[in-house]
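No hydrogens, no waters, no symmetry mates; every other heavy atom, side chains included, goes into these values.
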Amino acid sequence: MTGRFHIVIPARLASTRLPRKALLDLGGRPVIEHVWRRALDAGAESVTIATDSKEIVSACEAFDANVMLTSAAHQSGTDRIAEVVKQRGWQDELVVNVQGDEPFMPPSAIRQVVDLLEQAPQADIATLATPIEEDSEWHDPDCVKVVTDAQGFALIFSRAAIPFQRKVAGAARLRHIGIYAYRAASLQRMVAAPACALEQTESLEQLRAMWIGQRIIVAEAADKPPPGIDNEADLMAARARI
């Protein structure tokens, strides 16, 4: 049974591949409002939108969301979440990162990642994955792959097609889903550490956590989330889905 936890949704205006996507219309509401409403349904103790944009703050206040204006100097959504954690004084709490471009994230997936972390006291972070069935997806660098050990702890994340299949019947191919549950203190240790070369090479900040010795527990998502919104084609698909 899921215990107490908080959700923080990082959102920025200057997204690279689809500018202003947090505020783009999706079925008569901005994208960020859909994410917030899904998060509310997960049963968190609090749901906070963290942004560097006063325009996003105004939009969120219009639908009565709890929103915090954070530093514009943050390099990632994780840094933005860590500012909220610090301001709120959270130490032992569990905090879930629901990305601001995931308007269809199932509330059950949010609860699952919290349960996963609660049940693995040796883990610092929990996240989810789904099986990769198509070779095109496996070779796509925008599809982040994860390989785990026998207990479900992450061994490596990569944009490369891993594990390399020397034989036809190989290890499971898993796509990482960008949802995380953190222990608040573990999150603060992660963002306090400098970016490592492996993280910068892959452009995957979860590799920093592993670099400093933190453990990430991974489970297959019980409810596979539909795709998020990264580009114009994704936005059109989301509008059709709505």
Atom [atom1] of [X] and atom [atom2] of [Y]: how far apart are they, to the nearest 0.5 Å?
{"X": "I125", "Y": "I216", "atom1": "CD1", "atom2": "CD1", "answer": "4.5 Å"}
{"X": "C60", "Y": "L23", "atom1": "SG", "atom2": "CG", "answer": "7.5 Å"}
{"X": "I7", "Y": "I81", "atom1": "CD1", "atom2": "CD1", "answer": "11.0 Å"}
{"X": "D115", "Y": "F5", "atom1": "CG", "atom2": "CZ", "answer": "8.5 Å"}
{"X": "Y182", "Y": "Q188", "atom1": "OH", "atom2": "CD", "answer": "11.5 Å"}
{"X": "E202", "Y": "R208", "atom1": "CD", "atom2": "CZ", "answer": "15.0 Å"}

* To do: Please work out which of the three classes, parallel, tilted or perpendicular, describes the rings of H176 and F157, given edges at 30° and 60°.
  =>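 Plane angle over 60°, so perpendicular.
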Do side-chain atoms of [X] reach the backbone of [Y] as a donor and acceptor pair under 3.5 angstrom?
{"X": "W138", "Y": "I162", "result": "yes"}
{"X": "T201", "Y": "A197", "result": "yes"}
{"X": "K21", "Y": "I229", "result": "yes"}
{"X": "Q119", "Y": "L117", "result": "no"}
{"X": "E55", "Y": "L13", "result": "no"}
{"X": "T127", "Y": "I177", "result": "yes"}
{"X": "R159", "Y": "S203", "result": "yes"}
{"X": "E199", "Y": "A209", "result": "no"}

Side-chain heavy-atom pair [X], [Y] within 4.5 angstrom cut-off:
{"X": "E102", "Y": "I179", "answer": "no"}
{"X": "R37", "Y": "D41", "answer": "no"}
{"X": "R215", "Y": "D149", "answer": "yes"}
{"X": "R38", "Y": "P103", "answer": "no"}
{"X": "E232", "Y": "M236", "answer": "yes"}
{"X": "I156", "Y": "L198", "answer": "yes"}
{"X": "R239", "Y": "L26", "answer": "yes"}
{"X": "R88", "Y": "V8", "answer": "no"}

* To do: Report the C-alpha separation of D101 and S15 in whole Å, then their side-chain angles, then the decisive distance to 0.1 Å, and conclude whether the side chain to side chain contact (heavy atoms under 4.5 Å, CB included) test is met.
  => CA-CA 10 Å; D101 57 4; S15 47; over 6 Å; no
Show me the donor-acceptor pairs within less than 3.5 Å that the side chains of residues 68-77 make with the rest of the protein, sequence neighbours left out.
residue, atom, partner, partner atom, Å
T70, OG1, T51, O, 3.0
T70, OG1, R80, NH1, 3.0
S71, OG, A73, N, 3.0
H74, NE2, E83, OE1, 2.5
Q75, NE2, A73, O, 3.3
S76, OG, T78, N, 3.4
S76, OG, D79, N, 3.2
S76, OG, D79, OD2, 3.2
S76, OG, E205, OE1, 2.9

Answer with yes or no whether the hydrophobic clustering places [X] together with [Y]; edges join I, L, V, M, F, W, Y residues whose side-chain heavy atoms lie under 4.5 Å apart.
{"X": "V98", "Y": "V67", "value": "yes"}
{"X": "L128", "Y": "L155", "value": "no"}
{"X": "V191", "Y": "W90", "value": "yes"}
{"X": "V47", "Y": "I49", "value": "yes"}
{"X": "M190", "Y": "L116", "value": "no"}

* To do: Kindly indicate whether a cation-pi arrangement holds for R29 with F63, taking the cut-offs as under 6.0 Å to the six-membered ring centre and within 45° of the axis.
  =>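 Negative - R29 is either too far from the ring of F63 or too far off its axis.
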Could you pull out the closest heavy-atom pair between [X] and [Y], with the gap in Å?
{"X": "P163", "Y": "A172", "answer": "CD-O, 3.8 Å"}
{"X": "F104", "Y": "P227", "answer": "CD1-O, 4.0 Å"}
{"X": "L174", "Y": "A129", "answer": "CB-CB, 4.1 Å"}
{"X": "V113", "Y": "A126", "answer": "CG2-O, 3.3 Å"}
{"X": "G100", "Y": "V31", "answer": "O-CG1, 3.8 Å"}
{"X": "T130", "Y": "A221", "answer": "CG2-CB, 4.1 Å"}

* Among all residues two or more places apart in sequence or in another chain, which pass the salt bridge (charged side-chain N to carboxylate O under 4.0 Å, His left out) test with D124? ->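 Checked D124 against salt bridge (charged side-chain N to carboxylate O under 4.0 Å, His left out); matches are R189.
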* Yes or no on side chain to side chain contact (heavy atoms under 4.5 Å, CB included) for L94 and R183, after CA distance, side-chain angles and deciding distance? -> CA-CA 5 Å; L94 302 188; R183 301 189 193 281; 3.9 Å; yes
* Quick one: do R241 and D234 make a salt bridge, cutoff under 4.0 Å? -> no
